[in-house]
Amino acid sequence: MHNPDIDTGRPFDWGRTSGDYAKYRDIYPPVLYDRLASLGIGVRGQRVLDLGTGTGVLPRNMYRYGARFTGIDMAEQQIHAARRLAAEGEMDIDFVAGPAEAMPFPADAFDAATACQCFLYFEKERLLPTLSTVLKDGALFAIVWMNWLPDESVIAAASERTILRHNPQWSGGGARRTPVAEPEWAASSPFTYVHGEAFSADLEFTRESWHGRIRACRGVAGGRRVARVRGRTPGHARGDRTRAVHHSPLPDHYRFAKPEGSLTGSPKNFAKKI
């Protein structure tokens, strides 16, 4: 994948990190899924399209709410992992490999759509008209985003510095709390902005799971050159080095506050199809 506005145009490939992604990035808090369901997304009787589904994190975690999910992702390795994980959980979820901008679905096929941690990667001028076609009138489209905040966590800040030492083109760091606002693209799209909100959640990580989460970052395993670390996060490979990076000894199990955010500061920007 290549986008001149991301990592100064440096190519990246999520398929390179499918193993770590499947194991370490299934980390969204349960309150997120409950909130989506309470707002009428992903509930029984619906057909829901998950854009940029990756390893199917959102469809698998919302399966219990009763909707019929379809996930699409352009990285075939991610789709292979999604199918495997869904089968292991005995979940009947459809996964399709291909670009969301050219999704192969008929008109009015879905009651809702989601885009979790991926909306910035799409060509919006191509995606939004196509998405509008496959959604029924009045359908909701939820954009979900989650960030760690380096200004509020020494672990996150140190991890970002480590990534940038090895991949200075990475542009995924430096997230801040920002006010909820209507996204700029809404005014010229087939969608009407109807709701946005933000919240914070504490997530638990062990040393292993945090290091795995960092390896599955776009700036590490997703990048072409940095992928050569072959399964290790630079600067996080040994216990003594981990203590130096994190500035203080850490227990083997710790809680890490990971506040939510999105492209406009909200974990859920809802756009309703006109």
Side-chain angles (χ1 to χ4, degrees), residues 1-9 12 14 28 32-33 35-43 46-54 58-59 62 67 69-74 98-147 149 171-200 218 259-274:
M1 182 181 294
H2 172 269
N3 185 319
D5 297 323
I6 299 173
D7 299 346
T8 64
F12 55 93
W14 288 115
Y28 303 114
L32 171 62
Y33 305 121
R35 188 64 180 135
L36 286 172
S38 73
L39 291 163
I41 294 180
V43 296
Q46 289 184 335
R47 293 188 65 90
V48 182
L49 175 63
D50 185 43
L51 306 174
T53 195
L58 190 143
M62 292 202 72
F69 271 92
T70 297
I72 185 169
D73 198 287
M74 67 182 301
E101 294 88 346
M103 61 184 76
F105 309 117
D108 300 324
F110 299 100
D111 302 286
T114 53
C116 189
Q117 210 79 357
C118 61
F119 192 67
L120 78 166
Y121 301 119
F122 298 126
E123 297 178 39
K124 298 174 186 62
E125 67 279 2
R126 293 179 57 205
L127 172 72
L128 294 172
T130 303
L131 178 61
S132 177
T133 298
V134 305
L135 289 175
K136 297 177 182 178
D137 288 341
L140 288 175
F141 172 35
I143 299 170
V144 182
W145 199 259
M146 181 167 74
N147 287 319
L149 300 180
S171 59
R176 304 289 186 271
R177 294 181 185 270
T178 54
V180 176
E182 179 176 353
E184 294 180 0
W185 54 263
S188 58
S189 77
F191 294 85
T192 300
Y193 179 79
V194 296
H195 179 74
E197 64 182 75
F199 63 89
S200 298
R218 186 184 75 232
E260 304 289 323
S262 82
L263 296 177
T264 59
S266 162
K268 289 176 286 295
N269 284 338
F270 290 93
K272 187 174 183 179
K273 179 180 175 180
I274 298 173

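Throughout, numbering of the chain's residues begins at 1 and tracks the sequence. Heavy atoms only: backbone and side chains are in, while hydrogens, waters and symmetry mates are out. Quick caveat: nothing in here was measured; it's all calculated off a predicted structure.
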| query | Is a side-chain donor or acceptor of E101 paired with a backbone partner of R126 at a separation under 3.5 angstrom? | reply |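 Absent.
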Closest approach of [X] and [Y], non-hydrogen atoms and distance?
X	Y	answer
A37	M62	N-CE, 4.0 Å
W145	C118	CZ3-N, 3.2 Å
G52	D73	C-OD2, 3.3 Å
P59	D50	CD-OD2, 3.2 Å
A109	P106	CB-O, 3.3 Å
A142	I41	CB-CD1, 3.5 Å

Side-chain contact, heavy-atom cut-off 4.5 Å: [X] with [Y]?
X	Y	answer
L49	L135	no
V194	L140	yes
L39	E197	yes
M103	L51	yes
S200	R177	yes

| task | List the steps, then state whether ring-ring contact (aromatic ring centres under 6.0 Å, His included) holds for W185 with F119. | result | CA-CA 12 Å; W185 54 263; F119 192 67; 5.2 Å; yes
| request: Look at the aromatic rings of Y28 and Y33 and report parallel, tilted or perpendicular, splitting at 30° and 60°. | output: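 Rings of Y28 and Y33: perpendicular, over 60°.
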| Where does the angle between the aromatic ring planes of F141 and F191 fall among parallel (under 30°), tilted (30 to 60°) and perpendicular (over 60°)? |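 Correct class here is tilted.
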| field | With P129 via side chain to side chain contact (heavy atoms under 4.5 Å, CB included) - residues at least two apart | value |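 Applying side chain to side chain contact (heavy atoms under 4.5 Å, CB included) to P129 gives none.
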| said: Suppose we screen for ring-ring contact (aromatic ring centres under 6.0 Å, His included). Which residues come up paired with F105, at least two apart in sequence or across chains? | reply: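 Checked F105 against ring-ring contact (aromatic ring centres under 6.0 Å, His included); matches are F110.
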| Rounded to the nearest 0.5 Å, what separation is found between the CE atom of M146 and the CZ atom of F199? |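 M146 atom CE to F199 atom CZ measures 9.0 Å (nearest 0.5 Å).
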| said: Would you compute the distance between atom CD1 of I143 and atom CZ of F122 and round it to the nearest 0.5 angstrom? | reply: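 Rounded to the nearest 0.5 Å, the CD1-CZ separation comes to 9.5 Å.
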| query | Looking at residues at least two apart in the chain, or sitting in another chain, which of them share a side-chain hydrogen bond (donor to acceptor under 3.5 Å, both in side chains) with S188? | reply |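 side-chain hydrogen bond (donor to acceptor under 3.5 Å, both in side chains) check on S188 returns nothing, list empty.
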